[in-house]
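Notes for the one structure printed next.
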Amino acid sequence: MTEPALSLGLPGDDPLPRAVAVDLSDDQDDAYTRVAALIAQAGLTLAGVPTAALGDRGSIDDKEGRVFSVLGKAGSGKTQLLAMLTTALLDADAVQIGPDGEGQRAGKRSFAVVAPTNKAANVLRQRGVAATTIHRIIYTPVYDPEYEKVAEWLRDKGEGKRPTHDLLTEEALDRALEYYLEVESVPAALATVGVRGSEFITGWTRRDDAVGIGLVDEASMLDQKQLDDLRAVFGTLILFGDPAQLAPVGESGEMPFDKLPDQSKAMLSRVFRQEAGNPIIDLAYALADPELDFAGFEGLIREAAERDERVVIAPRADPELMARSPMLVWRNATRIRLIWAFRTAYGLGETMLAPGEPLICDGAELPARQRKKRIELEQAGLVKGAQTFYLGPGKKPGFARLYVDGVEAPRLSVAAIIQIERQDAEPIIPTAARMGASFLHGAACTIHKAQGSQWPTVQVFAPDLYAASRPNRDEAGLPLWKRLAYVAITRAQDRLCWVTRYAMARPTDALGTDDLK
């Protein structure tokens, strides 16, 4: 596998020779060829893979639904391989389905790149891979009848009968069409002319039309129902997962790819980021040593901190870091304790909420009949787990102005129920709309909920991992503390802070919002 050229789609990337000439390891090259063979079995040939190399390597019993998994630990090149396959599919004239299930064309092969959560999809987008959530691919919007003709006209790219609508002028229709031709998303096109999703989407239904190929990142986060839904939509499913992460809650330590036969798995072992001497990845791989105990692991962290500034031993938690990326903990009680230490460090009153405080969306507190409002919140990026920041009270009682991280229009005002939990007491609720989006304080977060996310600098609360090591508890054959430590430290993109004590440093600056542009 040598040519033609392939671009990973990253800013400033020069086209790279497909597959091997990108300096792929043998296991990556094998995985690429096996996935290409599976895709060829589905009727689509990727350029740059000699036919003779395919053979029957991708042949999988259709009873398995043509499901294949590419597995590897952090830094093993899974995202690079996913990006290469995405570009190769586009080069093969396959159509990538957009965030709202838009873009499928008659007679064209289709594929989608998806992740279980908006956080995980956003990590892919930051790395140059267009991705969306599983929900927005599996389910398709149901349009209000008044807007259905507009949606059909946009999907036909303006070639059918031009619709008329009381709330859409001729100029607005032209602008919506112009934007649709660029992004091929009906909701996005209507949003550009001031029409909110809740006005034209009445609900969601599982899509009737199948999508040919699905590339699923962070597959270790999938539960069985999600996997079954994906199988129902995609004819060919490629799962990218990390077997060392934590299994979904309620899945008894089992991940969706565990049940696949050996011929449906490819394991990546080469660690690309280690070539640059990344100490965080070194530490993550050291956890695989069965002889390594917690004390030995802390010794490795101290050695790494002495020789590399990307690893820091911190005797105190840094509240300024916690204001923008949560402290990662194991126990919920520790999370609450650190949140109050954070608020005390900034001198915040018990019942007040200050601009700049971090929040995590916990879903929507809405009755079933309020589906339009729920859709509106989802369209704004307020899905469960979304990282947000408080900007101040809204103009209406119970409303809050927020900054939603990772979305195109991050500033909004929304009816909110904001809780600041307390130990052995009812939570403080500084903002309480009758119904709306629900939020928890985001200065600290459990490691389990942090899966799929990454931040430039991550603080890990070591006393909690020590507590997890004491009962000698295992999960899927590995000590629980090692799985927790692995997930926690690999959330760090650039810098890891290992916090060793129940202590909080004093912030040097007041909490604010100037950085939230």
Side-chain angles (χ1 to χ4, degrees), residues 25 27 70-79 218-221 240-248 251 253-255 257-258 265 267-308 310-314 327-331 334 445-455 457-500:
S25 61
D27 49 21
V70 178
L71 309 177
K73 294 182 180 180
S76 60
K78 297 187 300 296
T79 302
E218 294 289 353
S220 58
M221 298 174 67
F240 293 81
D242 187 337
Q245 291 202 68
L246 294 158
E251 296 294 314
E254 193 171 65
M255 297 184 185
F257 37 74
D258 290 339
K265 299 177 186 178
M267 181 65 72
L268 306 182
S269 57
R270 184 176 177 183
V271 186
F272 280 81
R273 279 180 279 177
Q274 272 190 334
E275 293 179 351
N278 190 320
I280 298 170
I281 301 302
D282 288 341
L283 291 167
Y285 274 75
L287 287 163
D289 182 355
E291 302 299 320
L292 184 69
D293 59 11
F294 184 82
F297 183 63
E298 280 211 313
L300 294 179
I301 291 177
R302 294 184 184 280
E303 291 174 9
E306 288 175 358
R307 65 176 183 269
D308 198 305
R310 288 173 287 183
V311 178
V312 176
I313 299 292
M327 173 74 73
L328 300 187
V329 305
W330 173 45
R331 298 174 293 191
T334 306
C445 173
T446 62
I447 294 168
H448 222 125
K449 286 191 175 181
Q451 284 196 130
S453 298
Q454 284 195 315
W455 295 272
T457 299
V458 164
Q459 295 184 94
V460 178
F461 195 65
D464 246 25
L465 296 184
Y466 172 72
S469 73
R470 298 297 291 165
N472 295 319
R473 177 177 159 190
D474 282 4
E475 181 174 303
L478 285 177
L480 174 63
W481 77 266
K482 287 190 174 183
R483 285 195 182 272
L484 291 166
Y486 177 87
V487 172
I489 66 178
T490 54
R491 299 312 92 200
Q493 292 173 317
D494 305 313
R495 189 163 171 261
L496 168 67
C497 296
W498 188 257
V499 180
T500 58

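- In this structure, the separation between CG on Leu484 and CD1 on Ile447 is 4.5 Å, given to the nearest 0.5 Å.
- Side chain of Lys78 to main chain of Phe240: no donor-acceptor pair is present (N/O by atom type, distance under 3.5 Å, no hydrogens or angles).
- The distance from the OG atom of Ser269 to the OH atom of Tyr285 is 7.5 Å, given to the nearest 0.5 Å.
- When every heavy atom of Thr457 is checked against every heavy atom of Cys497, the shortest pair comes out as CG2-SG, 4.0 Å.
- Scanning all heavy atoms of the two residues, the minimum distance from Trp330 to Leu480 falls at CZ2-CD2, 4.0 Å.
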Going through the distances and angles, do Tyr466 and Glu298 end up as a side-chain contact (heavy atoms from CB on, under 4.5 Å)?
-> CA-CA 10 Å; Tyr466 172 72; Glu298 280 211 313; over 6 Å; no
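- In terms of heavy-atom proximity, Arg310 sits nearest to Ile280 at O-CD1, 4.3 Å.
- Taking both residues in full, the closest heavy atoms of Pro463 and Thr500 are given as CG-O, 3.5 Å, listed atom of the first, atom of the second, then distance.
- Atom CG of Asn278 sits about 9.0 Å away from atom CG of Leu283, to the nearest 0.5 Å.
- Side-chain contact check for Ser220 and Asp242: no donor-acceptor pair (N or O, by modelled atom type) lies under 3.5 Å.
- Every residue two or more places apart in sequence or in another chain was checked for a ring-ring contact (aromatic ring centres under 6.0 Å, His included) with Phe257, and none qualifies.
- If you take CG on Leu71 and CG on Asp27, they are separated by 11.5 Å, rounding to the nearest 0.5 Å.
- Side-chain contact between Leu465 and Trp498: present, with at least one pair of heavy atoms (C-beta onward) separated by less than 4.5 Å.
- Screening residues 462-473 for salt bridge (charged side-chain N to carboxylate O under 4.0 Å, His left out) gives Arg331-Asp464 as the qualifying pairs, with residues at least two apart or on separate chains.
- Annotation: Lys265, atom NZ; neighbour count of heavy atoms from other residues, nucleotides and ligands within 6.0 Å is above 12.
- Between Arg491 atom CZ and Gln451 atom CD the span is 6.5 Å, to the nearest 0.5 Å.
- Nearest heavy atom pair, residue Leu292 against residue Phe297, reads CD1-N, 3.6 Å.
- For the side chain to side chain donor-acceptor pair (under 3.5 Å) test, residues two or more places apart in sequence or in another chain that qualify with Glu218 are Gln245.
- Between atom CE of residue Met327 and atom CZ of residue Phe461 there is a gap of 6.5 Å, rounded to the nearest 0.5 Å.
- The minimum heavy-atom distance between Lys482 and Asp289, with the atom names listed, is NZ-O, 2.6 Å.
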